[in-house]
Amino acid sequence: MARPRRGERRQEILETLARLLEEASGVPITTAHLASAVGVSEAALYRHFPSKARMFEALFEFVEESLFTRINRIAAEPVAASLKIGQVLRLWLAFADKNHGLANLLQGVVLAGEHERLRDRLAQLYERMETHLRTLLRDAHLAPHLPAPAVCAQLLLATADGRVAQAVRTRFRISPLADWDAQWAILSAALFGSGAPI
């Protein structure tokens, strides 16, 4: 059987790490465990990634590329900003629902004991998401009694993040998307008025 090419092996390592993150139950994932799951030596892992932290960073890059490429597409659509915000939040929840290991990563628990810069990277990802929401909210017609878009963006991100946290806590017995349409209808009516498209 032919050996995987460099890019293929690198992808296999990341996919295996994501799977192990899905299965993780509070136990740190060691490079020895990862190497065994991939079927290579630890030295082979380090031929593709200089450190375990770099493997996690590559997962963050995948998350960012997957989410923000689509978020930018949503933002460019010629529809109401309120509709775009709903689509962005649904995208975040659907991504977590489809990628349980990456949802665990987004909750940060699996980063305990890992390099501090990974928590900084996670914080940057959330800040970027909040910035996108804030930008969309500035273009939306918010109800006049509401606080500034920044406050509303924080509320929306906290709500979506809470849905993902609940899913992680229940080991996805409760989907991040469970009852989301009804919940978004409530939030949307509060933010944009009852006539806003959802």
Distance-only, no hydrogens or angles: does the [X] side chain make a donor-acceptor pair with backbone N or O of [Y] under 3.5 Å?
X: R70; Y: S66; result: yes
X: S36; Y: H33; result: no
X: K98; Y: L93; result: no
X: R163; Y: S175; result: yes
X: N99; Y: F95; result: yes
X: T131; Y: E127; result: yes
X: R121; Y: F60; result: no
X: D139; Y: A81; result: no
X: K84; Y: E77; result: yes
X: R119; Y: E114; result: yes

Within the structure provided, determine whether [X] and [Y] are in side-chain contact (heavy-atom separation under 4.5 Å).
X: M129; Y: I71; value: yes
X: L106; Y: L125; value: yes
X: L187; Y: W180; value: yes
X: E8; Y: E12; value: no
X: L34; Y: M55; value: yes
X: R128; Y: L67; value: no
X: I29; Y: V110; value: no
X: L177; Y: R90; value: yes

In this structure, would Y46 and F49 fall into the same cluster of hydrophobic residues linked by side-chain contacts under 4.5 Å? no
Looking at every heavy atom in both [X] and [Y], which two are closest together, and how far apart are they?
X: A58; Y: R10; value: CB-NH2, 4.2 Å
X: E130; Y: A150; value: OE2-O, 4.4 Å
X: L118; Y: L111; value: O-CD1, 4.0 Å
X: L122; Y: G108; value: CD2-CA, 3.7 Å
X: S82; Y: W184; value: O-CZ2, 3.8 Å

Using a 6.0 Å cut-off, check whether atom CD of E116 has over 12 heavy atoms from anything other than its own residue.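 Buried by this count: over 12 neighbours within 6.0 Å.
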Please report the C-alpha distance between E57 and R117 in whole Å, then the side-chain angles of each, then the deciding distance to 0.1 Å, and finally whether the salt bridge (charged side-chain N to carboxylate O under 4.0 Å, His left out) criterion is met. CA-CA 9 Å; E57 287 176 335; R117 78 173 185 260; 2.6 Å; yes
Expected list for residues 152-161: side-chain donor-acceptor pairs under 3.5 angstrom, two or more places apart:
unit_1: T159; atom_1: OG1; unit_2: L155; atom_2: O; d: 2.8
unit_1: D161; atom_1: OD1; unit_2: Q107; atom_2: NE2; d: 2.9
unit_1: D161; atom_1: OD1; unit_2: Y126; atom_2: OH; d: 2.7

Side chain to side chain contact (heavy atoms under 4.5 Å, CB included), that's the test. Do V40 and R47 meet it? Break it down for me. CA-CA 11 Å; V40 298; R47 281 198 291 275; over 6 Å; no
Candidate pair F68 and H132, rule ring pair (Phe, Tyr, Trp, His ring centres under 6.0 Å), full reasoning: CA-CA 9 Å; F68 294 114; H132 277 278; 5.3 Å; yes
May I ask you to say whether R19 pairs ionically with E23, meaning some side-chain N is under 4.0 Å from a carboxylate O?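 Result for this pair is yes, salt bridge flagged.
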How many angstroms lie between CG in L20 and CD in E15, if you round to the nearest 0.5 Å? 12.0 Å
Separation of S188 OG from L83 CG (nearest 0.5 Å): 9.0 Å
Evaluate the criterion side chain to side chain contact (heavy atoms under 4.5 Å, CB included) for residue pair L136 and I74; output intermediate values, then yes/no. CA-CA 10 Å; L136 290 171; I74 289 168; 5.6 Å; no
Stepwise side chain to side chain contact (heavy atoms under 4.5 Å, CB included) test for L21 and F56: CA-CA 10 Å; L21 288 172; F56 278 109; 3.9 Å; yes
Derivation of the side chain to side chain contact (heavy atoms under 4.5 Å, CB included) call for L17 and L59: CA-CA 9 Å; L17 178 55; L59 287 180; 3.6 Å; yes
